[in-house]
Structures are given as structure tokens and as C-alpha cells.
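We count ligands from 1, going down the list as the structure has it; atoms in each ligand are counted the same way. These figures come from a predicted structure and were not determined experimentally.
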Amino acid sequence: MVVVEHIAALREQVRSWRAAGARIGFVPTMGSLHAGHLSLLQVARERADRVVTSIFVNPLQFGPGEDFERYPRTPEDDRRLLADAGCDLLFLPAVAEIYPDGGQSATKVSVPQLSGILCGAHRPGHFDGVATVVARLFGIVQPDVAVFGEKDYQQLAIIRRMASDLALPVEIIGAPTVRSPDGLAMSSRNLYLTPAERSVAPGLHATLRSLAARIEAGERDFAAVEQRGLRQLRESGFDPDYCEVRDAVTLDPPHEGSTAVVILAAARLGKARLIDNLRLSL
Ligand code: PAF
């Protein structure tokens with residue numbers, strides 16, 4: 001695995017692979033890698049000849065008082081996992097490489113319609129930070145295909161929309177959420193959980209499953225489903241930010257023509273803010 005810190009070196013390597021006819025896959029990450037990230041790499045390997053992974057904890061997507069400083073950083077483990085998983089190039093830029101002027105006056109990318117709802121309503125500016133860094137990373141790597149986890153359902157929808165609106169020549173692939181046997185979605189932020197909180201955490205997925213069962217049984221009062229979800233989460237020991245049922249494609253509230261919905265929730269447990277979602281056909 002080639003490891004580079006600078007854009008020029010990355011470009012030179014990618015250019016030579018492309019000249020040899022290789023299709024380039026890309027998995028952007030913030031590191032602290034786990035089985036969920038490795039599954040994205042696997043999908044990228046199936047769809048491309050060479051796979052680039054980036055590790056960059058993007059300051060632009062953290063709000064004041066959020067966990068930028070204490071976000072888990074495990075560079076040695078990450079390198080080993082990526083090399084073992086068949087990553088061809090690891091891009092490890094410093095903040096100044098991505099935001100030469102510090103970022104605050106950089107061009108921003110915003111997908112307003114999708115960014116102010118759900119997690120965006122609770123983390124103002126977060127998705128502008130995500131869209132901006134992903135657009136810049138796409139400009140640097142110029143991948144043919146990029147893979148993102150479906151656990152971050154809203155993020156995936158925003159990146160798809162950005163790529164479509166900006167006519168970026170990259171195929172965006174969503175990869176299924178990887179879960180622990182007890183249902184907890186893999187997340188770097190699970191490291192914040194104490195043992196006691198870790199035993200409560202699967203309750204988030206269990207709540208979504210129980211709400212999905214009601215919808216599958218014919219419940220169409222989605223507001224009641226959401227209220228039940230919030231109640232269940234509080235009773236299990238979470239402090240929920242939201243629990244909402246949305247059209248699975250547009251993320252609007254479900255409407256007459258909706259053929260699939262997604263139940264999305266974010267909830268705090270101690271120092272961790274966990275998110276999860278469950279998509280189902282109507
Ligand atoms: O999902 C993440 O890890 C990040 O939001 C991403 C897509 C790497 C952008 O910083």
C-alpha cells in the first residue's frame with residue numbers, strides 16, 4: 001500500500017494507474033476504522049481496479065463544542081487494517097493540505113434542501129462541511145466510483161445530490177450498514193460508550209425494528225410511530241435528538257406516492273451520539 005500526504009504525490013500515482021487503464025475506487029473516511037469501513041473497501045475493490053482510501057478528520061463538519069478534538073484517532077491500526085484489506089493507496093493529508101487558507105474562507109458546497117433536516121437540524125453547518133470536503137476530495141482523487149455507508153443515510157443522500165447537481169463524473173455507491181451481532185451499527189463513536197452504555201446501545205436498532213414492524217403491519221399514522229419511537233428510546237435510557245419516518249428517496253415526509261420509507265433516529269447515550277436507520281418498502 002502506498003501512503004501519501006500530499007495532493008501532488010496522490011495525483012501522480014492515480015494518473016499512472018489511470019494511464020494503465022485502471023478504474024479508480026475511493027473510500028473517504030475519518031479513520032478509527034472498523035468492520036463497517038472495511039466493508040466499504042470491499043465494495044470498492046469489487047467495482048474498481050485500484051482503491052484509494054483517505055483518512056481526514058474534517059474540522060469543517062464539527063460544530064463548536066462537538067468532538068473534533070477527541071474524535072478517536074488510531075493511525076497505526078488503520079494503516080495495518082487497510083493494508084490487510086487490499087487498499088492500494090492511503091491518502092493522509094494534513095488540514096493545511098485540504099484547506100490551505102484554514103478553511104473558513106474556502107469555497108463552500110451546500111445542498112440546502114437536504115441539509116437542514118434530521119441531523120442537520122441538530123448539527124447546523126455539519127452537512128455543508130461534509131459536502132465541501134467530499135467535493136474537494138473528489139477533485140483531488142477524481143475517482144470513477146466512491147463508496148459510502150448507508151448508516152449515514154442522510155449524508156449519502158446529500159452526496160448523491162451534490163454529485164448529480166454538480167455533474168461530477170463519479171458513481172456513488174451506498175453499502176449496507178455493518179452491525180454487531182446484537183444489532184448495534186458499527187461506528188467509530190461507539191468507542192465513547194462505557195460498558196454499561198454499550199449494553200443499552202443496541203436498543204436504538206431494536207426500537208427501529210419495532211417501529212418497522214408496526215408499519216409493516218399496516219400502521220400509516222407516521223406521527224404516532226415517531227412519538228412511540230421517541231418514548232421507547234427515552235424509556236431505554238437514550239436522550240433522543242429525533243426519530244422520524246421519511247420517504248426513502250427524497251427524505252420528505254412520506255406522501256401518497258411513497259413506495260418506501262426510512263425510519264431515522266439519532267440519540268445520545270453518555271458522551272456518544274448514535275445514529276441509525278431502517279429502510280422498508282410500503
Ligand atoms: O462519513 C464520514 O466518515 C465523513 O463524513 C466523510 C464522508 C469521510 C467526510 O468527512
Nearest protein heavy atom with distance in Å, relative to atom 9 (C) of ligand 1: Gln61 OE1, 3.3 Å
Expected output: side-chain Asp239 to main-chain Arg268 donor-acceptor under 3.5 Å: no
Going by atom types only, do Tyr71 and Asn58 share a side-chain donor-acceptor pair under 3.5 Å? no
Can you list the ligand 1 atoms lying under 4.0 Å from a non-hydrogen atom of Val133? 9 (C), 10 (O)
Rounding to 0.5 Å, atoms CG (Leu33) and CG (Leu81) come to a distance of 6.0 Å
Donor-acceptor under 3.5 Å (Asp182 side chain, Ser199 main chain): no
Who's the nearest protein heavy-atom neighbour of atom 7 (C) of ligand 1, and how far? Gln155 NE2, 3.5 Å
Please work out whether any backbone atom (N, CA, C, O) or any side-chain heavy atom from C-beta onward of Thr29 is under 4.0 Å from ligand 1, and answer side chain, backbone, both or neither. backbone
